[in-house]
Protein chains: 2
Amino acid sequence: MAQSQLRPPTMADVARLAGVSHQTVSRVLGDHPNVRDRTRAKVLHAIEEMGYRRNFSARALVTRRTRTLGVVASDTTLYGPASTLFALEEAARAEGYLVSTVSLRRLTVDKVSEALEHLSQGGVEGVVAIAPQRSAVEALAELRHPFPVVTVGSGPSVGIPGVNVDQHLGARLATGHLLAAGHRTVWHLAGPEDWQEATDRAAGWRATLEKVGVAPPLTLRGDWSPLSGYRAGQELAGWVGRGLTAVFVANDQMALGVLRALREAGVRTPQDVAVVGFDDIPESEFFAPPLTTVRQDFAAVGKRSIALLLDLIEGREPSGASGIAIEPQLVVRASSFPYTSDQGAPPA
Amino acid sequence: MAQSQLRPPTMADVARLAGVSHQTVSRVLGDHPNVRDRTRAKVLHAIEEMGYRRNFSARALVTRRTRTLGVVASDTTLYGPASTLFALEEAARAEGYLVSTVSLRRLTVDKVSEALEHLSQGGVEGVVAIAPQRSAVEALAELRHPFPVVTVGSGPSVGIPGVNVDQHLGARLATGHLLAAGHRTVWHLAGPEDWQEATDRAAGWRATLEKVGVAPPLTLRGDWSPLSGYRAGQELAGWVGRGLTAVFVANDQMALGVLRALREAGVRTPQDVAVVGFDDIPESEFFAPPLTTVRQDFAAVGKRSIALLLDLIEGREPSGASGIAIEPQLVVRASSFPYTSDQGAPPA
DNA sequence: GACGTCATTGTGAGCGCTAACAATTCATGC
DNA sequence: GCATGAATTGTTAGCGCTCACAATGACGTC
């Protein structure tokens, strides 16, 4: 049973014990037909006996396949990237691939380059880059790599194939929802300038306002963090009573900061100012008040990007679906519901 | 420059171009001494010329090293596991290792077994299991695997080497803080029974109360989610005025739910009931009110567990530090500060 | 009963690399 | 100028596996 040589057993060892050739062992392991049942049983028994496991490297050498994909990401402790990562791994595993991740603090050209090099040394067959910053995508585009690369969240048409959620649509949903609730205009707290998603959300917000003939008010900018939302919220509080009744915040964490700042300034949400976020992090439902927000289907993102990457690796024509952006969904909660006087309905 | 054969170039190809033997190329790549500068330059040039990269599998086959570690985790979208994962990968990369992750939804014996099998097929040299559930650790203990396994968050003394934060201490800090603020007793909303960390936190809470001669009140239990905290919070609200003035909640997400439930019940925090959480997620500082909580040093956890795993892989004697639990830190904010009438001080 | 056919098993080569050893070159001292 | 050893380079042999092909056996057909 247990087996404690210095060297783990090889296929030849198993073959010897089973009284067959190493090739027959390989066939059994490879589920080939044309192996007699009795032979297969003998081999399986010998494998069990010796605790044999196929050597990954030898196999990979001759098949030229490592069945490993790489992922480059940043801010992986945030809900969005973490969810994408999870979905990516799950989808890859379903296809029999292993996923090696490199989590960077910042996606500078140098760091991205190092990450790709590191993954390349690890024999990955392809890479998914969760690269929402434009600078990261540019880095990716100019880097030479011996394997296909797919981006996530980099927006459409960047020269590198990628999968995206329709951020513009999400912003239109959020902004439109606030306008429909009777607000004359909607303010916007945007994400960092370098982020494609921030740009797309801001563009969707602006487009929605312009469509109904409203001039977009001043845009504030944060860095996605609750703290930056808090600071922006303090500024926003100063505009209450001067036309500010609704804010579309580019993510939920900043919205949390905004809510706190408004609360501290004595501004009531949603009675005085309605707030809508983006992401639907698990906490949003329990904010004070529960936050209206836009939900993205990260599982779909993961599945699609793995499918796309595998198409590229296998040399298949990518299916048409990979180009189409994934539709986000508006989740309405108390923070944008003007006719409640309490702090929101209980959770579902 | 660019190079677009069907087969990527091999060491022999480079050697031919450089007019040396493949072994010399290997030496250059391996940074061996005893290679003449001129020769090294020629080889480097040829490598650049052909866009050559060493074949990972061939290298791994002969060196018997894949320099890849595996991680098994669950709930990787939560702050704690995500932070641990990040720290693990960063520490491993610093040592030149790649990290392959398997993220499970639930750590059942079958799933853990499959995950280890999957990683094993991928040639990992060792595995870190983020296995806070006791059932997961038991699964790990009974499984045979051809590589060392290290646990994180499984508590001390489980037969498998592991790294832990001192949860008991964290709970004592939290409970002690509330008692010191003048509360007669402290209630506890615990995490799931099967989680070692939940058990340890509950034990630390109980020990602190017993030390000052207070009989621990009824323990409530949640599943870490804000929703479960909300439900528990509704129950807790019923005890206000009957001896409940302070609650130690086993994590921040549940604390968020508790805060909402109390607010909806007209109970003020911290004036009527003080609340302390655990984890210090980035959002806690902006809760209503900002949450007092216990911070864990995930980076230290990551570094230590990688160091321990590498010791095991290399056959070194693990350094003594690996057995010692990492000390958590109390972070005091408005939710436990009884002498403020507003909703808390502005963030730092 | 010889022969073809198919299922089953075995043999040999080689994937691309590193390690061990062998061979060569080079500098140095006398 | 030549021995001597060190520095540098080349040669050979696998690592453990899969692939292509060869060999064997079983079985039915005429």
Side-chain angles (χ1 to χ4, degrees), chain A residues 3 5-44 46-47 50-68 96 120-125 146-147, chain B residues 3 5-44 46-47 50-68 96 120-123 125 146:
Chain A
Q3 123 89 31
Q5 304 168 351
L6 288 82
R7 284 279 213 290
T10 70
M11 208 169 246
D13 297 330
V14 173
R16 207 169 305 122
L17 181 61
V20 297
S21 74
H22 66 144
Q23 179 58 265
T24 299
V25 177
S26 176
R27 274 190 273 256
V28 169
L29 252 18
D31 252 345
H32 277 250
N34 302 350
V35 177
R36 220 183 337 165
D37 284 351
R38 265 180 47 82
T39 310
R40 182 183 309 274
K42 268 193 305 185
V43 169
L44 255 17
I47 287 174
M50 308 190 81
Y52 170 75
R53 328 188 66 123
R54 252 188 311 199
N55 180 295
F56 165 77
S57 308
R59 220 169 118 63
L61 176 57
V62 64
T63 59
R64 299 162 177 287
R65 302 297 304 266
T66 57
R67 298 215 139 241
T68 301
S120 175
Q121 297 298 340
V124 299
E125 297 184 23
F147 41 65
Chain B
Q3 123 88 31
Q5 305 168 350
L6 289 81
R7 283 278 214 292
T10 70
M11 207 168 248
D13 296 331
V14 173
R16 206 169 306 122
L17 181 61
V20 299
S21 75
H22 66 159
Q23 180 57 264
T24 298
V25 178
S26 176
R27 274 190 272 256
V28 169
L29 253 17
D31 252 345
H32 277 249
N34 303 350
V35 177
R36 223 189 329 173
D37 285 351
R38 265 180 48 81
T39 312
R40 183 183 307 276
K42 271 193 304 183
V43 169
L44 254 18
I47 287 174
M50 308 191 81
Y52 170 75
R53 329 189 64 123
R54 253 187 310 199
N55 181 295
F56 164 77
S57 308
R59 223 169 114 63
L61 175 58
V62 65
T63 60
R64 299 163 177 287
R65 303 297 305 264
T66 58
R67 297 214 140 240
T68 302
S120 175
Q121 297 298 338
E125 296 184 23

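Letters A, B, ... mirror the listed sequences (proteins, then strands); counts begin at 1. Computed from heavy atoms alone, side chains included, the values below leave out hydrogens, waters and symmetry copies.
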At less than 4.0 Å, is any side-chain N or O atom of [X] found next to OP1 or OP2 of [N]? Yes or no.
| X | N | answer |
| --- | --- | --- |
| A/Thr63 | D/dT18 | no |
| A/Arg59 | D/dT18 | yes |
| B/Arg64 | C/dT18 | no |
| A/Arg65 | D/dT18 | no |
| B/Ser26 | C/dC17 | no |
| A/Tyr52 | D/dG16 | no |

So, for [X] and [Y], which heavy atoms are closest and what is the spacing to 0.1 Å?
| X | Y | result |
| --- | --- | --- |
| A/Ser120 | A/Phe147 | CB-CE2, 3.7 Å |
| A/Ala15 | A/Ser21 | CB-C, 3.6 Å |
| B/Leu61 | A/Asn55 | CD1-OD1, 4.2 Å |
| A/Thr10 | A/Tyr52 | C-CE1, 3.5 Å |
| A/Arg53 | B/Pro146 | CD-CG, 3.4 Å |

Could you state the atom-to-atom distance from [atom1] of [X] to [atom2] of [N] in whole Å?
| X | N | atom1 | atom2 | answer |
| --- | --- | --- | --- | --- |
| B/Phe56 | D/dG16 | CZ | P | 16 Å |
| A/His32 | D/dT18 | NE2 | C1' | 8 Å |
| A/Arg16 | D/dG16 | CZ | C1' | 13 Å |
| B/Arg7 | C/dC15 | CZ | P | 8 Å |
| A/Leu61 | D/dC17 | CG | P | 12 Å |
| B/Arg38 | C/dC26 | CZ | C1' | 15 Å |
| A/Met11 | D/dC15 | CE | P | 15 Å |
| B/Arg53 | C/dC17 | CZ | C1' | 17 Å |

>> Treating primed atoms plus P, OP1 and OP2 as sugar-phosphate and everything else as base, which nucleotides of nucleotides 4-14 of chain C get B, S or - for protein heavy atoms under 4.0 Å?
In response: ----BBBBB-B
>> Please evaluate residues B/Val35 and B/Val43 with respect to the criterion side-chain contact (heavy atoms from CB on, under 4.5 Å), reporting the C-alpha separation (whole Å), side-chain torsions for both, the decisive distance (0.1 Å), and the verdict.
In response: CA-CA 10 Å; B/Val35 177; B/Val43 169; over 6 Å; no
>> So, taking the atom named NE2 in B/His32 and the one named CZ in B/Arg40, what distance separates them when rounded to the nearest 0.5 Å?
In response: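 Atom-to-atom, B/His32:NE2 and B/Arg40:CZ are 10.0 Å apart.
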> From A/Lys42 NZ over to A/Arg36 CZ, what is the distance, rounded to the nearest 0.5 angstrom?
Replying inline: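 That separation rounds to 7.5 Å.
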> For the helix from C/dG1-D/dC30 to C/dC30-D/dG1, what angle lies between the axis at the first five pairs and the axis at the last five pairs, to 10 degrees?
Replying inline: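 Both end axes considered, the difference amounts to 50°.
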> Do the non-hydrogen side-chain atoms of A/Arg27 and A/Thr39 ever get within less than 4.5 Å of each other?
Replying inline: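 No. Closest side-chain heavy atoms not under 4.5 Å.
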